[in-house]
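In what follows, a structure is listed as structure tokens, so that the remarks can point back to it.
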Amino acid sequence: MIDLRSDTVTKPTEEMRKAAYQAEVGDDVYGEDPTVKKLEETAAELLGKQAALFVTSGTQGNQLAILAHCRPGNEVILEEESHIFYYESGAPSALAGVQLRTIKGENGAMNPADVLASIRGEDQHYPETGLICLENTHNRAGGAVIQPSNMKEIFMLAKENNIPVHIDGARLFNAAAALGCPVTDFSNNSDSVQICLSKGLGAPVGSLLVGSEEFIRRARKWRKRLGGGLRQAGIIAAPGLIALTKMRDRLGEDHLNAQQLAEGISNMPGLSVVNKVETNMIVADVSGLNITSDQFVEKLKSQGILAGTFGGSRVRFVTHFDINTKDIEMALSGIKQAAQK
């Protein structure tokens, strides 16, 4: 099967497997795991922050950020189709006791004027605005890159109103690769950032949360409260360190493969690519075939291709480390066959 459901399906490299086996370990709750410490220090340095925290997933990193930044009763401003709002099981309300205020964005980017207008004033009837969350790349916008200029404008108005900014940067290195710029062009426009090691970077598990030393101290305590304290975690941190240091520079290959796949799909009758393919995601509309996305995904499976439904008549394809040019050619042949039946 050619698996294009997500970049989370990548298998660890041989180097990652060996690193896990050979990892120097200790009890991370006691701060004694040298491999975890090296991973955290590397992440903090790369992203231009004081400290970092190794966590099990991007969702855990995002929720720890909300818990560390906010108080119960606060309101969090974010884009209406952001991952935190759409795919994290209502965790902000369930765990942090905050409510979410969503803003309709354009291709995943919020208008700074809309963000400013959504910040609550001093009134006993209103919740306090406790946090602004950005997402880059933006998943439901088809892997769209949010420009650093947009982020900077939101960050500056947030500072003027004493509101922290968190970036859900699960695929932030994809954004940096797409623009050919340092990742700090994005991370500097925030108080905290979450990055995933287990997506385009190819590690088997894990994410990192970065920010100030005080912020990470609070997040670490929340991680412990939620049962996320890790023991000899160097075994999973070691592949993450390889992902962080050696897999960033190859992300452009995934983007080129995505563009090749998008071009091929756009030339097929009944199919259309509805997103601007900037990174490693393609969103195709199958309404021209008079079937649903669920039906088309099943037809793709019979052709040896795994893809994901994206609601209604839309299907998502994601390129990643385990997909090469030959796989793209084979996938295009299978997609064409599925579209003709």
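With salt bridges taken as basic N to acidic carboxylate O contacts below 4.0 Å, none links K18 and E15. With salt bridges taken as basic N to acidic carboxylate O contacts below 4.0 Å, none links K199 and D254. Of the charged side-chain nitrogens involved, none lies within less than 4.0 Å of a carboxylate oxygen, so that R120 and E128 do not count as a salt-bridged pair. Contact check on E214 versus R218 returns a salt bridge, with a Lys/Arg side-chain nitrogen under 4.0 Å from an Asp/Glu carboxylate oxygen. Remark: K159 engages D191 in a salt bridge, criterion side-chain N to carboxylate O under 4.0 Å. In summary, E40 and R220 engage in a salt bridge, as defined by a charged side-chain N under 4.0 Å from a carboxylate O.
To the nearest 0.5 Å, atoms CG (L116) and CG (L157) are separated by 5.5 Å. For the atom pair S89 OG and L95 CG, the distance stands at 9.5 Å (nearest 0.5 Å). Taken to the nearest 0.5 Å, the CG atom of L100 stands 8.5 Å off from the CD atom of E75. One distance of note links CG of D27 with CG of L230; it measures 9.5 Å at 0.5 Å rounding. In this structure, CD in Q50 is found 13.5 Å from CD in E45, a value given to the nearest 0.5 Å. The CD1 atom of I2 sits 10.0 Å away from the CD atom of E329 when rounded to the nearest 0.5 Å.
Judged by distance alone, the side chain of D28 and the main-chain N or O of G31 form no donor-acceptor pair under 3.5 Å.
Transitive grouping of hydrophobic side chains (ILVMFWY, heavy atoms separated by less than 4.5 Å) keeps V210 and V55 in distinct clusters.
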Requested in this report: Go through the steps to decide whether D294 and T292 satisfy the test side-chain hydrogen bond (donor to acceptor under 3.5 Å, both in side chains), and finish with yes or no.
Outcome: CA-CA 5 Å; D294 289 312; T292 67; 4.8 Å; no
Report task. Test side-chain hydrogen bond (donor to acceptor under 3.5 Å, both in side chains) on Y87 and R140 and set out the steps. Result -> CA-CA 10 Å; Y87 290 123; R140 286 192 60 80; 2.8 Å; yes
Report task. Could you walk me through whether H138 and S82 pass side-chain hydrogen bond (donor to acceptor under 3.5 Å, both in side chains), step by step? Result -> CA-CA 7 Å; H138 195 289; S82 62; 5.8 Å; no
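Results of the side chain to side chain contact (heavy atoms under 4.5 Å, CB included) test with L251 over N174, T319, D7 single out N174 as the only residue that passes.
Judged by the 6.0 Å distance and 45° axis criteria, R250 is not positioned over the aromatic ring of F321.
For M268, the CE atom is densely surrounded, since the number of other residues' heavy atoms within 6.0 Å is greater than 12. In the displayed structure, E153 atom CD is contacted under 6.0 Å by at most 12 heavy atoms of other residues, nucleotides or ligands.
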